[in-house]
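One structure below.
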Amino acid sequence: MADEPRYNPLEIEPRWQAVWAEERTWEVSNELDTSSRSGGVEAAPTSYVLEMLPYPSGEPHIGHLKCYAVGDAIAHFHRRTGHRVLHPMGYDAFGLPAENHAIKTGVHPRDSTAESIASFQRQFRSWGISIDWSREFGTHEPRYYRWTQWIFLELYKAGLAYRREAAVKWCPNDQTVLANEQVVDGHCERCGALVEVRQLEQWFLRITDYAERLLGDLDGIEWPEHVKTMQRNWIGRSEGAEVVFRCEELGVDYPVFTTRPDTLFGATFFVMAPEHPDVIRLAEGTEHEQAVRAYVNQTLTDGGEERGSLEKPKTGVPLGRAVTNPVNGEQIPMFVADYVLMEYGTGAIMAVPGHDERDHGFATAFGLPIRRVIEGDDELPADGDGEELPGDGDDGLPYTGDGPLVNSHPDFDGMQNREALRAIVEWLDREGKGHASINYRLRDWLVSRQRYWGCPIPIVYCEQCGAVPVPEEQLPVVLPEVEDYAPRGRSPLAAAEDWVNTSCPSCDGPARRETDTMDTFVDSSWYYLRYCDAHNDEAAWDPAALRQWMPVNQYIGGVEHAILHLMYARFFTKALADLGHLDFQEPFQALFTQGMVTKDGSKMSKSKGNVVSPASIVARYGADTARSYILFVGPPDQDADWSDEGMEGVHRFLSRLWRMANEVAERGEGLPSGGGAQEDLLLTRKAHWAIDKVSGDLRRFAFNTAIAAVMELLNDCSRMRERADVSTQRFALSTAASLLFPFAPHVCAEVYDRLNDGERVWEQPWPQADQTYLEQAVYELVCQVNGKLRDRVQANADATADELKQLCLGAPNVRAHIDGKQIVKEIVVPGKLVNIVVR
RNA sequence: GCCCGGGUGGCGGAAUGGUAGACGCAGCUGACUUAAAAUCAGCUGCCCCCAGGGGCUUGUGGGUUCGAAUCCCACCCCGGGCACCA
């Protein structure tokens with residue numbers, strides 16, 4: 001006996017992939033369809049669907065599969081709903097892992113990266129992702145980073161890239177500086193090493209200039225709320241006032257930033273950050289000088305480790321000086337303490353121990369006066385001067401809530417503090433002692449890296465001219481070859497003497513090249529623009545190409561990039577727009593963040609031995625199964641736990657689709673199987689229901705329920721296979737294949753081809769649900785008594801409310817439950833239910 | 001501490017004011033088979049039952065409503081983000 005034909009994805013998938021590759025099916029050109037203008041036919045709207053570009057290291061993992069399965073489903077859906085879709089691919093190819101690998105093995109990062117890219121390319125093709133390969137590039141290619149350098153110089157010329165010495169975060173393991181964003185809890189985000197603080201001259205990008213716009217423009221983009229919240233928190237906008245405290249002895253004004261100018265009358269001391277440049281000078285000549293020096297040295301060498309901890313007891317040293325509180329003329333003592341940060345505000349604070357927990361902690365530790373200037377809810381009576389000795393127990397301080405002012409000034413006492421805040425700022429402004437001010441937590445972006453495998457910074461240093469930008473026509477500054485990739489506290493590029501020594505573009509005198517490379521986040525901050533015009537050698541892009549595609553209609557990626565990449569890309573877009581290179585303000589109109597794929601409830605990792613490799617799954621079950629399963633397992637924005645059994649269920653479903661389609665394709669046309677019109681109607685109706693359901697679900701990224709709907713359709717097909725007409729079955733199965741195509745393109749192409757004489761499903765418009773099949777003449781009316789389901793009866797769709805009520809009252813089990821009781825109320829919801837309320 | 005998510009059968013999940021548990025997994029029964037696998041048909045939240053039904057059930061406790069997984073209040077637990085940011 002011959003074997004039953006079996007669903008064989010390993011044969012089907014490469015065959016369709018070859019068709020798409022040969023015909024370049026997913027390529028789109030930038031040529032505008034001019035014929036449509038004269039012909040009066042509307043040009044197809046464009047759609048730019050983009051998944052975050054992968055960092056090529058080793059092989060793609062299951063998270064990549066999920067990301068690109070989501071993106072591909074959207075790309076296909078957009079194409080078949082009448083859009084010209086740009087769906088490109090590239091590689092974020094510079095970066096530390098390749099370089100660390102090179103240090104260990106001596107293999108050039110370019111070679112290991114190329115190998116990894118080849119593996120990504122192979123797998124993306126084997127997954128059947130519909131990519132426009134004609135626009136592919138890696139950010140490490142000179143033809144790309146030439147323009148990264150060009151952008152850097154544009155920013156430099158505009159004053160948005162600058163060099164300054166600063167206390168920067170240094171990773172002793174990776175031997176490089178880090179951006180603020182790359183330091184997590186005082187540790188290197190990448191390797192986990194404890195971060196040190198170093199004083200170094202570095203390149204920064206002036207992202208802080210854009211804080212207000214980066215914050216405000218979040219309101220206009222369709223991003224998940226939690227991502228917007230994370231960006232808002234990161235930008236950290238605070239409204240308050242800058243208030244000047246004068247040190248009379250030295251004749252120096254010290255402005256401070258405070259969000260609580262209403263508590264100015266409660267300021268009883270003044271604190272400076274250990275990094276504040278004036279700290280030593282202030283203490284000089286006082287009895288505290290030695291102690292201050294020791295304290296400053298101590299905190300600076302200790303680094304940022306424990307500094308962020310709230311539990312840590314407050315430490316500090318008096319400076320032996322005083323400043324004048326501008327609102328009441330009081331002389332208050334100055335301290336240096338590490339709980340004040342140089343990076344925020346002015347590096348100095350007024351301390352209000354009565355109404356700030358940190359100041360309270362410090363005052364308690366140092367026996368400083370604590371004064372209540374805002375009455376709390378507990379209605380503690382204010383005594384004469386409001387002064388309270390520290391540590392005298394349950395005084396309700398620090399009190400951080402609202403209330404009327406006390407112990408302040410006759411003009412303000414009794415005023416609600418929010419109101420007093422405004423009045424005091426106005427008064428300060430009039431007196432020239434302060435003004436309203438806004439502060440941000442966001443810091444400028446430190447982009448220098450003392451590493452090899454990155455984009456060279458296109459600057460040379462000339463003894464005569466200083467820092468000089470490399471002229472545009474000399475770009476790219478090509479990354480030189482070196483022998484030793486290991487960082488030695490300076491960039492490995494410094495060893496390439498021939499490369500480093502150059503001549504000044506300005507005076508032609510001897511000059512040295514900048515040897516630091518750029519943070520890889522610079523490379524990925526503009527790649528989405530380059531896809532629009534990937535082969536342009538004259539410019540980074542042609543504005544006309546950008547106008548056609550940008551902004552990205554749907555961006556897809558992991559939530560781990562919520563702050564870094566997404567903030568930097570938004571900053572680049574705004575800066576480039578200001579420089580006249582772009583005419584839009586936001587790069588990603590809509591964002592979707594996919595959840596993680598776990599195994600046995602935890603993150604996949606080699607050390608845990610729970611890694612599921614996409615390659616092995618695809619080799620065994622096919623890409624259609626792998627892709628469909630990962631979208632079926634749950635909502636794609638949530639984490640999903642991989643289960644081999646669950647995946648096999650999806651494989652069975654695709655097998656069933658394939659098998660039933662073959663049976664129907666081989667059966668003769670027009671031979672009614674004897675079930676009659678009723679079955680045909682039911683099946684046709686189910687198909688239209690599925691069209692409606694899947695279309696809606698795709699719009700809201702509910703891929704799991706979309707796939708479930710196609711499963712239902714197939715189950716009905718299966719149940720009715722002996723009774724429904726062959727043409728009806730063909731329609732139902734074609735519809736199933738058509739709807740499932742965005743998730744399982746190969747098997748659906750195959751099935752659709754067999755059922756429809758070689759027609760190509762991807763060339764078919766998205767199916768339209770026929771409303772007449774969605775509306776039913778008769779439906780099941782739910783009958784409730786006191787909100788509990790008691791019966792179901794058949795009702796006509798056009799029945800009046802009264803008729804429905806009578807139907808319900810006539811239902812046997814309803815009668816049993818209302819028998820002998822008084823009907824209080826009847827609720828009729830046509831199309832749904834009737835609820836009889838009895839007493 | 002503050003700000004977001006989330007908590008539903010044995011499991012993944014569905015339902016965003018109207019029949020809780022779609023779909024899938026696992027399990028059970030049957031068909032086909034010498035047998036197994038594959039496939040197909042059916043059952044499957046818990047408890048009671050006179051087999052018609054009845055009661056209970058969406059983390060906990062209240063509330064709004066004819067009606068609540070869904071809205072409101074309080075609390076518990078899990079995950080994520082921020083956190084000496086003045």
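In what follows, chains carry the letters A, B, and so on, assigned in the order in which the sequence lines appear, proteins first and then strands, with residues in each chain numbered from 1.
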Using the P atom in both, what is the distance from U60(B) to C49(B), to the nearest Å?
26 Å
Nearest whole angstrom, please: distance from the P of G80(B) to the CD1 of I563(A).
15 Å
By a strict heavy-atom criterion of less than 4.0 Å, which residues belonging to residues 825-839 of chain A are in contact with RNA chain B?
K825(A), I827(A), V829(A), K832(A), L833(A), N835(A), V837(A)
Provide the distance between the two C1' atoms, one in U64(B) and one in C73(B), to the nearest whole Å.
11 Å
Centroid-to-centroid, F362(A) to Y339(A), below 6.0 Å?
yes
Carefully, step by step, assess T705(A) and D697(A) under the rule side-chain hydrogen bond (donor to acceptor under 3.5 Å, both in side chains).
CA-CA 7 Å; T705(A) 52; D697(A) 284 352; 2.8 Å; yes
Does the separation of the ring centres of F592(A) and W223(A) fall below 6.0 angstrom?
no
Please enumerate all residues that pass side chain to side chain contact (heavy atoms under 4.5 Å, CB included) together with A562(A), with sequence neighbours excluded.
V227(A), M230(A), V559(A)
Taking the six-membered ring for Trp, is the centroid-to-centroid distance between Y7(A) and H651(A) below 6.0 Å?
yes
Any non-hydrogen side-chain atom of L264(A) less than 4.5 Å from a side-chain atom of M350(A)?
yes
Expressed in angstrom and rounded to an integer, what is the separation of K314(A) atom NZ from C84(B) atom C1'?
5 Å
Provide the distance between the two P atoms, one in G1(B) and one in C84(B), to the nearest whole Å.
15 Å
Just by modelled atom types, is the P353(A) backbone N or O under 3.5 Å from a matching donor or acceptor in the D359(A) side chain?
no
Can you list everything that forms a side chain to side chain contact (heavy atoms under 4.5 Å, CB included) with M596(A)? Sequence neighbours excluded, please.
T598(A), K603(A), D639(A)
Could you pick out which residue, E780(A) or A640(A), lies toward the 5' side of RNA chain B when each is mapped onto its nearest nucleotide?
A640(A)
Hey, is CZ on R700(A) packed in by over 12 heavy atoms from elsewhere, all under 6.0 Å?
yes
Just the rounded figure in Å: distance from P of G24(B) to CG of L740(A).
13 Å
Quick one: on RNA chain B, does M230(A) or M711(A) contact a more 5' nucleotide (nearest heavy atom)?
M711(A)
State the syn/anti category of G52(B) according to its glycosidic angle, syn meaning within 90° of 0.
syn
Considering only side-chain heavy atoms of T259(A), which listed nucleotide, G81(B), A86(B), A22(B), is closest?
A86(B)
Atom CG of D444(A) and atom OG1 of T208(A): how far apart are they, to the nearest 0.5 Å?
3.5 Å
Which pairs pass salt bridge (charged side-chain N to carboxylate O under 4.0 Å, His left out) with one or both residues in residues 625-634 of chain A, sequence neighbours excluded?
D72(A)-R627(A)
How many whole angstroms separate atom NZ of K821(A) from atom P of C66(B)?
19 Å
Ring centres of Y254(A) and F245(A) under 6.0 Å apart?
no
Excluding sequence neighbours, so at least two apart, what forms salt bridge (Lys or Arg N to Asp or Glu O under 4.0 Å) with R719(A)?
D716(A)
Tell me: OH of Y779(A) to P of U19(B), nearest whole Å?
14 Å
Quick one: label P812(A) by what it contacts on the DNA or RNA (base, sugar-phosphate, nothing), any heavy atom closer than 4.0 Å.
nothing
Which part of the nucleic acid does E648(A) contact within heavy-atom distance under 4.0 Å: base, sugar-phosphate only, or nothing?
nothing
Going 5' to 3' along nucleotides 48-57 of chain B, which nucleotides have protein heavy atoms under 4.0 Å from the base (write B), which only from the sugar-phosphate (write S), and which from neither (write -)?
-----SSSS-
Interatomic distance, F703(A) CZ vs G13(B) C1' [rounded to whole Å]
16 Å
If the P atom of C75(B) is compared with that of C66(B), how far apart are they to the nearest Å?
28 Å
Sticking with atom P, work out how far G81(B) lies from C47(B), rounded to a whole angstrom.
41 Å
Between Q729(A) and M720(A), which heavy-atom pair has the shortest distance, and what is it?
NE2-O, 4.0 Å
Identify whether the glycosidic angle of G9(B) places it syn (within 90° of 0) or anti.
syn
Polar-atom pairs under 3.5 Å, protein N or O versus N or O of nucleotides 37-45 of chain B: list them with distances, or write none.
residue : atom : partner : partner atom : Å
U39(B)  : O3'  : R659(A) : NH1          : 3.4
A41(B)  : OP1  : S718(A) : OG           : 3.0

What is the nucleic acid contact for S238(A), judged by heavy atoms within less than 4.0 Å: base, sugar-phosphate only, or nothing?
sugar-phosphate
Using a strict 4.0 Å threshold on nitrogen-to-oxygen distance, state whether D644(A) and R620(A) make a salt bridge.
no
Applying salt bridge (Lys or Arg N to Asp or Glu O under 4.0 Å), can you list everything that pairs with E712(A), at least two apart in sequence or on another chain?
K686(A)
Using the C1' atom as the reference point in each nucleotide, state the distance between C40(B) and G45(B) in Å, no decimals.
27 Å
If I pick the C1' atom on G52(B) and the same atom on G61(B), what distance separates them, to the nearest angstrom?
37 Å
Do D356(A) and R260(A) sit within salt-bridge range, that is, some charged N less than 4.0 Å from a carboxylate O?
no
Integer angstrom distance from the P of C4(B) to that of A74(B):
13 Å
Classify the nucleic acid contact of N439(A) as base, sugar-phosphate or nothing, counting any heavy atom under 4.0 Å across all strands shown.
nothing
Rounded to whole angstrom units, what separation is found between the OH atom of Y621(A) and the C1' atom of C25(B)?
13 Å
By ring pair (Phe, Tyr, Trp, His ring centres under 6.0 Å), which residues pair with F257(A), not counting sequence neighbours?
none
Gap between atoms OH and C1', on Y629(A) and G13(B) respectively (whole Å):
11 Å
Ring pair (Phe, Tyr, Trp, His ring centres under 6.0 Å) partners of F632(A), counting only residues at least two apart:
none
Phosphate oxygens OP1/OP2 of A22(B): is one of them under 4.0 Å from a side-chain N or O of T705(A)?
no
Determine the contact category for G345(A): base if any of its heavy atoms lies under 4.0 Å from a base atom, sugar-phosphate if only primed atoms, P, OP1 or OP2 are that close, otherwise nothing.
nothing
Pairs under 3.5 Å (N/O, protein and nucleotides 3-12 of chain B):
residue : atom : partner : partner atom : Å
G12(B)  : O2'  : V633(A) : O            : 2.8

Return the stems involving RNA chain B, sorted by first number, where pairs are Watson-Crick (N1-N3 with N6-O4 or O6-N4) or G-U wobble (N1-O2 and O6-N3), both under 3.5 Å, and runs are 3 or more long.
B:1-7 with B:76-82, B:10-12 with B:23-25, B:27-31 with B:39-43, B:45-48 with B:53-56, B:59-63 with B:71-75
